[in-house]
Amino acid sequence: MSDPQKPTLLIIDGHSLAFRAFFALVQTGNFITDEGQHTEAVYGFLSMMLRLLKDEEPTHLGVAFDLSRKSFRTDEYAEYKEGRGETPPEFSGQVGLLQDALTAMNVTWITKEDYEADDILATLAAQGAQQGFRVLVVSGDRDSFQLIDDDVTVLYPSAMGVTELKRYDAQAVFDKYKVWPHQYPELAALVGEKADNLPGIDKVGPVTAAKWIAQWGTVDEILAHADEIKGVAGNNLREQRDRAERNRRLNALVRDLDLPYGPVDLARRPIDEVAVREVLGALQMRTMLDRVLKLGQTDAAATSGAIARSAAPEVRTLAADEVAAWIAAQDAPLGLAVSVEVEGGEFAGVGLSSLTASAHVPVTALDGLRDWLADVSAPKVFFGAKRQLEDAEHAGLTIRGAVHDTRVMGGILSPTRVPATLGDQVLGALEESMPVSDPNQLVPEVPALGPATEAWYVARVADAVNATLATEVNANARRVYDEIELPLIPVLAGMELDGVAIDRGVLAGQREVLEKGAETYRTAAFAAIGHEVNLGSPKQLQTVLFDELKLPPTRKTKTGYSTDADSLADLLESIEEENEGSIFLQSLLRHRDATKLKQMIETLEKSIGSDGRIHTTYDQVGAATGRMSSNDPNLQNIPVRSEEGRRIRSAFIAGEGFESLLTADYSQIEMRIMAHLSGDAGLIEAFREGEDLHRYVGSHVFGVAPGDVTPAMRNKVKAMSYGLAYGLGPFGLAKQLRITQAEARQLMTDYFERFGRVRDYLRDVVQQAKSDGYTETIFGRRRPFPDLNSPNRVLRDNAERAALNSPIQGSAADIMKIAMLGVAADMAQARLGSRMLLQVHDELIFEVAPGERKQLEEIVTRRMSTAATLDVPLTVQVGIGPDWDAAAH
DNA sequence: GGTGTCACGTA
DNA sequence: CGTACGTGACACCT
């Protein structure tokens, strides 16, 4: 179709395409970020551009933008392009964002004072054609048709959206308008252009105009022969000749602008991956980000990727008897980077690397590595050490001396953006992209990195991140990392390897009970409304509730009205007497409960290992506050509140060879931390008294003797106390306690009357965070809060609540991690056979070896209660039983 | 097949 | 309009 020898110049009218994209997509209602920023124009434009890059494979690329509505055309004719209405507020700002995205993609964009984007396109097209380019002009303005010739093609968006572009060459223009491209402006001048607010000659349409042009060629010539034209059209032409002349002047595009870039300057360049991630990430365009990055990868494979590859040191494959000497010869101040290779579940070797040398130790040579791996004084550096320690352990190898984990390091330095993969961290810390092979491809474009080269990337990342961590501003982070996170890694690895024993029979029995229950509720729900419906589909439920049953609308969600348990409870209350509606609602709620629990059981059953135990995975830096998270499966959300739920809990048992489970949890640790941090004398006193906290607080808030605090009073105070640490306001408090906002307000006032320092503290935390940009736990763990100074109210309020909660939740997490280290150390010291198995934020679960109960309880209680020295005691509650539920206290 | 939304379990 | 998480079903996208 096109001359493959010719370079292709693709130039796009940014403004008009962005505008069309906006209108095509705005009605979908998608394309809004959480912060309320519309992104239709950015998305639509980039979509179109990526498609063009793929289809047309241009070698050169540029985008032109209007600078403002003002141009030399408006100077001549003030009404030019008038009447277009105000720019929708949702559109404004998107052009700037689009330009940011283009900059990040290294796509040149051009503006020119007093001229329109089309003039820039005209100039570039003229230069490009002259310099031997095949030129593709993408414009939503028909005036661009005048640019078409053998070398220049116009792609014009069809009525619907921007993804469909119609290709106009000379023949296509002639077929449609019966004039050749260079004559198109003559035709447009006579007919007029409504979009530009340029009226043409009355009663002259394209057919008449084309006829005249065929005869005389140009507007000037036609006007010169105006006397020869008969009829109304002729009359109008004579009377309105100035219109035609003016239109012709205005619609002539300028082809000789002085521009900062010529066609050759627009050669395509690789994208700036970091910047692209930043810009598109902020716009919450995940899919688009992937598409753009993919584009970048194709580029990288051709250019920079090859460079990065060649810089990696040659990989030496070691035989068993060469390993020790090779390691001894390496200079690696931080430790040697290690990458354990597992393929298809099988241990497949180990990669080793310093900054300058890499080696691969295949399984056959592992005997030469065994001692070094187990040597605690031989420093090793990992990305994700815990997993690798476990993989090695499965293969009968013990790894000690993990002195760095770059992922955890990254998580401490930047707790809101923990790198998920080594590639992510390479990108973030080294600002280069690590080649990754796509395992789904039969013949990968990028060959898989061997473990040795992976280790080389780890070594370099470690070097970079360690340098950051070593700076004075990060002294606190360094301490948290060195003293808490690093030593915790082998402790967690041990817990994950041990897993927790499960009684399959208990799970299966409960699953069957729930299955029957779900079926009963399902049938009852269908009977109530007279037809079947997918009870698991919020969308279908909305139809039933609000259309069929005509129930009053509930809280709004992004896609409709909420059907969550709270909303359904409200609906239930709005129904006066028992009817189909209330029966449906009740059945639905019960069905939800049953299916939720049933599903949970099924997930647990699937994750039981061949050893009859469940091995969760903890993410040590999984939460921005410093808490851990648990996944595959999540054992930190096992039900406890309902009777049915607790039966699931009772399936967690002591394994064979152990006498029982022991649970130990911190009592009201967050409230205690709040008392400590705020220094509130009343609250500190409450904890030192050691009596029922909520009763004590209630007696002070309501001014009655502790013995006279009613359950209702205690409840209110309890909700208030807990809510405080989450930034609960009168609205939320009222909603939770089902009281009026005025009452909630009063309760808060009374509360702070007695415990005013708490309020002061919470206020100060936010204030401090605002000026510092971060919060800090008692142990110096920091969490950044960039949104605290955002002009966006919602964003700012959310950040304020998270900020006031962060030191509290985070300090509690620190204390628990420190306690775990102490417990693990003492258990090892005492050579106990008992094992620490699970952590659920403020609770630890142990498997008790025969005869060790007392000793274990002593270690656990002591280590937990002394993990930190606060102005209030850290009280620990211990329970023992055959299963997790029974071990509760 | 991948992704976002909703709902819901825990501390 | 209460913090911190992970998971699964559904609905919609490509």
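Note that the structure is predicted; figures quoted are calculated from it, not measured.
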With a 4.0 Å cutoff (strictly under), does any side-chain N or O of [X] reach OP1 or OP2 of [N]?
X	N	value
A:T603	C:dG8	yes
A:S562	B:dA7	yes
A:R641	B:dG9	no
A:N534	C:dA9	no
A:R801	C:dT3	yes
A:T557	B:dT5	no
A:S629	C:dG6	yes
A:R649	B:dG9	no
A:Q540	C:dA11	yes
A:K596	C:dT7	no
A:T559	B:dT5	no

What contact category does [X] fall into here, base, sugar-phosphate, or nothing, at under 4.0 angstrom with non-hydrogen atoms?
X	result
A:T595	nothing
A:A812	nothing
A:Q599	sugar-phosphate
A:R783	sugar-phosphate
A:D619	nothing
A:A725	nothing

Do A:Y722 and A:Y726 have ring centres separated by under 6.0 Å?
-> no

Interatomic distance, [X] [atom1] vs [N] [atom2] [rounded to whole Å]:
X	N	atom1	atom2	result
A:H841	C:dG6	NE2	P	9 Å
A:D566	C:dG2	CG	C1'	13 Å
A:D593	B:dG9	CG	P	6 Å
A:I845	B:dT10	CD1	P	14 Å

Atom CZ in A:F846, atom CE in A:M495: separation rounded to 0.5 Å?
-> 8.0 Å

Any N/O donor-acceptor pair, A:R627 side-chain to B:dA11 base, under 3.5 Å |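 Checked by distance alone, the answer is yes.
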
Classify the side chain of A:Q636 and the base of C:dG6 as holding, or not holding, a donor-acceptor pair under 3.5 Å.
->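 No such pair is found, so the answer is no.
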
Closest listed nucleotide, where the reference is the side chain of [X] and the choices are [options]:
X	options	answer
A:T625	C:dT3, B:dC8, C:dA4	C:dA4
A:T563	B:dG9, B:dA7, C:dG2	B:dA7
A:N634	C:dG6, B:dT10, C:dG8	C:dG6

How close do A:Y618 and A:Q636 get, heavy atom to heavy atom, and via which atoms?
-> CE2-NE2, 4.1 Å

Return the minimal non-hydrogen interatomic distance between A:V506 and A:R647, and the atom names on each side.
-> CG1-O, 3.6 Å

With no hydrogens and no angle check, is any side-chain donor or acceptor of A:Q741 less than 3.5 Å from a backbone partner on A:A734?
-> no

